[in-house]
Amino acid sequence: MAGLMPGLMQDWPLTVDKILDHGARWHPHREVVSRSIEGPIVRTTYGAIHERAKKLSNALLAHGIRPGDRVATLAFNTARHIEAWYGVMGIGAVCHTLNPRLFAEQLVYIINHAADRILLADICAASIVEGILGQCPTIEKVVWLSDDGHKPNDLPGVAYERWIADQSAECAWGDFPENTAAGLCYTSGTTGNPKGVLYSHRSNYLHTLMSLQADVQGLSSADNVLMVVPMFHANAWGLAFSGPAVGAKLVMPGNQMDGASILELLETEQVSVSAAVPTVFQMLLQHLEKTGARLPYLKKVLIGGSACPEAIIRRFNDEYDVEVLHLWGMTEMSPVGSVGVPCATVAALPYDDQIPYRLKQGRVPLGVDMKLTDDEGKLLAHDGEKFGRLKVAGHSVAKAYFRGDGGEILDADGFFDTGDVATLDELGYMQITDRSKDVIKSGGEWISSIEIENIAAGHPKVALAAVVGLQHPKWDERPLLIVQMKPGESATKEELLHFLDGKIAKWWMPNDVAFDSVPLGATGKIDKKHIRAKYEGYRWPEAVAAE
Ligand code: AMP
């Protein structure tokens, strides 16, 4: 714009390599602890990770990886995965995190869509890799995140340790525009195919600064952080960046997230902060109850991904003196959207009166804006009662999907429709009341109700099929399949589940089948609200059998 005077401050592109540079330079000996996929707990430091990530960068460059190329990881949280992130992003390539829990067909679709050139995979994902590799022609090389002694010998690929061993630890990182793509993560795709969210260096860097606000993660160099949230789902809530950014000790669970394994790390590593989906903490609380163990070091836990039940908030507070912070976000937001750190008004209330606020999904930090609208885009009041479409904008919110999938995703004011239905109250607390698509959240991962319905409805004896997520003590929610048979037809539960077998991922399999009429709403769509109300408090067969 004519007449504007440029500032005279340094151009210092906001690229994420600077984050690990900082961690290694100013906190070189700070530990990074992983439960390795091989089994033992392994210790390293930010200094060593920095050096090894640079070696990886050189191995990638020697292979011919260039800026913009996609390098995929299929891995749980370990120090090697952190090295992979920085080693890939540092040279301007794009780190594409693949979720090992996805169905093989989805992985094949995503890898081909992204045109990944190299796949860095955990050895525990060997059977997945074996199943998909033949269908992924863009992958030129598999690198097993292990040493020679542990890599699967019957599959193609080189061991990571061998691959980086002879490389130099000198490599120029960064020095490209901050809007360069850094990471790629596909949404779980409840309707249609998964869509790619393409993070930039700038969006990740600013997301890190935003997350470090006291009213978000509030981490410090004195914290020991157990990062349970997976690096393959929604950026591990940014913790793989915020850890080295402040020099916090980072602790990672590998692929062991049961109560006993988590407790062991909390104790031996004196963890002060942790972050995970409700299921993980539910399993931990059950384990604590069984063993009588205490949590002397843990101060706060960030819980999100699905709504945090009141019982978790209360038990952590009342029995273990641990503060629960409820967090909401999504892949398209890098992922942090809101956090429930009590504001002054709420903090002044007696604890019981704080609970309704703590159950809400929290307030926006600087860097996120939110609005509520009706279906026509008209703004709704922030009165805590009117609910509407939740739309967001910010420096770390997607403006389009990779390769333009889904077309235009922002409204005229630049806001992205989250697909969540929510309220906002006078204090700025947002509460999710529904998902506009009725996705089922099982152990922090999504199950598409519609996909199962469509397959079940293909059974020759079935007239209508509906799938709803109902509460489950271990997994948060599990799918219940409701079928309305064609007149004069009958079937057994086993027959219907057998029909689904092989057509959906095993963990998508409904836990039970109910033979019932399937109610339709005014527009001919299945009325899930009605079904949920009817089946509220449903007792799963295991619970009935246990009595
Ligand atoms: P994803 O992109 O897979 O991380 O999923 C994002 C979606 O998960 C959001 O749009 C919400 O529907 C849901 N979600 C995330 N956090 C919460 C929360 N704290 N409470 C309720 N739903 C949540």
Side-chain angles (χ1 to χ4, degrees), residues 97-102 106 110 183-191 194-199 207 211 216-217 228-239 275-282 301-310 312-313 324-341 356-365 368 370 372 387-392 394 396-398 401-402 406 409 415-424 429-449 469 471 476-477 528:
T97 46
L98 293 165
N99 182 342
R101 294 179 186 144
L102 287 179
Q106 281 174 306
I110 288 171
L184 179 63
C185 182
Y186 281 70
T187 62
S188 320
T190 50
T191 49
K195 297 188 209 45
V197 178
L198 191 61
Y199 306 109
H207 183 269
S211 301
V216 188
Q217 293 166 354
V228 185
V229 273
M231 293 169 73
F232 55 73
H233 187 177
N235 256 332
W237 301 357
L239 287 165
V277 294
T279 321
V280 168
F281 289 121
Q282 227 145 19
V301 290
L302 292 147
I303 303 187
S306 56
C308 182
E310 181 172 344
I312 293 190
I313 299 178
V324 172
L325 296 177
H326 197 181
L327 179 144
W328 167 86
M330 64 194 311
T331 308
E332 287 89 336
M333 299 185 75
S334 304
V336 172
S338 63
V339 187
V341 178
Y357 291 98
R358 289 181 177 272
L359 282 170
K360 296 190 179 202
Q361 275 72 11
R363 304 187 314 145
V364 290
V368 176
M370 258 179 197
L372 272 188
F387 56 85
R389 288 173 174 273
L390 180 65
K391 297 178 182 171
V392 292
S396 303
V397 179
Y401 289 108
F402 188 45
I409 61 169
F415 279 70
F416 168 77
D417 189 333
T418 62
D420 285 323
V421 176
T423 59
L424 271 164
Y429 279 81
M430 184 273 286
Q431 184 160 32
I432 304 279
T433 56
D434 209 344
R435 178 77 188 148
S436 52
K437 298 170 193 126
D438 295 293
V439 73
I440 298 161
K441 290 267 171 166
S442 174
E445 300 292 335
W446 285 17
I447 298 177
S448 163
S449 57
Q471 261 198 348
D476 279 351
E477 284 187 349
K528 295 223 177 145

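Both counts, for ligands and for their atoms, begin at 1 and track the order of listing. Residues: numbered from 1 along the sequence shown. The structure displayed is predicted, hence computed values, not measured ones.
The closest approach between any non-hydrogen atom of Thr187 and ligand 1 is not below 4.0 Å. Heavy atoms of Gly419 stay at 4.0 angstrom or farther from ligand 1.
Counting heavy atoms from C-beta on, the side chains of Ile303 and Val277 never come closer than 4.5 Å. In this structure, the side chains of Val392 and Met333 come closer than 4.5 Å at one or more pairs of heavy atoms. Side-chain atoms of Ser338 and Met370, non-hydrogen and from C-beta on, do get closer than 4.5 Å to each other.
With a 4.0 Å heavy-atom cut-off, ligand 1 is reached by the side chain of Gln361 but not by its N, CA, C or O. Both the backbone and the side chain of Thr331 come within contact range of ligand 1, each with a heavy atom under 4.0 Å. Only backbone heavy atoms of Leu327 (N, CA, C or O) come within less than 4.0 Å of ligand 1; its side chain stays farther off.
Ligand 1 has no N or O atom lying under 3.5 Å from any N or O atom of Glu332, backbone or side chain.
Residue Gly305 holds the heavy atom nearest to atom 23 (C) of ligand 1 of all those in Gly305, Pro278, Gly362.
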- [ ] May I have the step-by-step check of side-chain contact (heavy atoms from CB on, under 4.5 Å) for Tyr199 and His207, ending in yes or no?
- [x] CA-CA 10 Å; Tyr199 306 109; His207 183 269; over 6 Å; no
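Using modelled atom types and a 3.5 Å distance limit, the side chains of Tyr401 and Glu332 yield a donor-acceptor pair.
Between Trp237 and Leu302 the shortest heavy-atom distance is CZ3-O, 3.5 Å.
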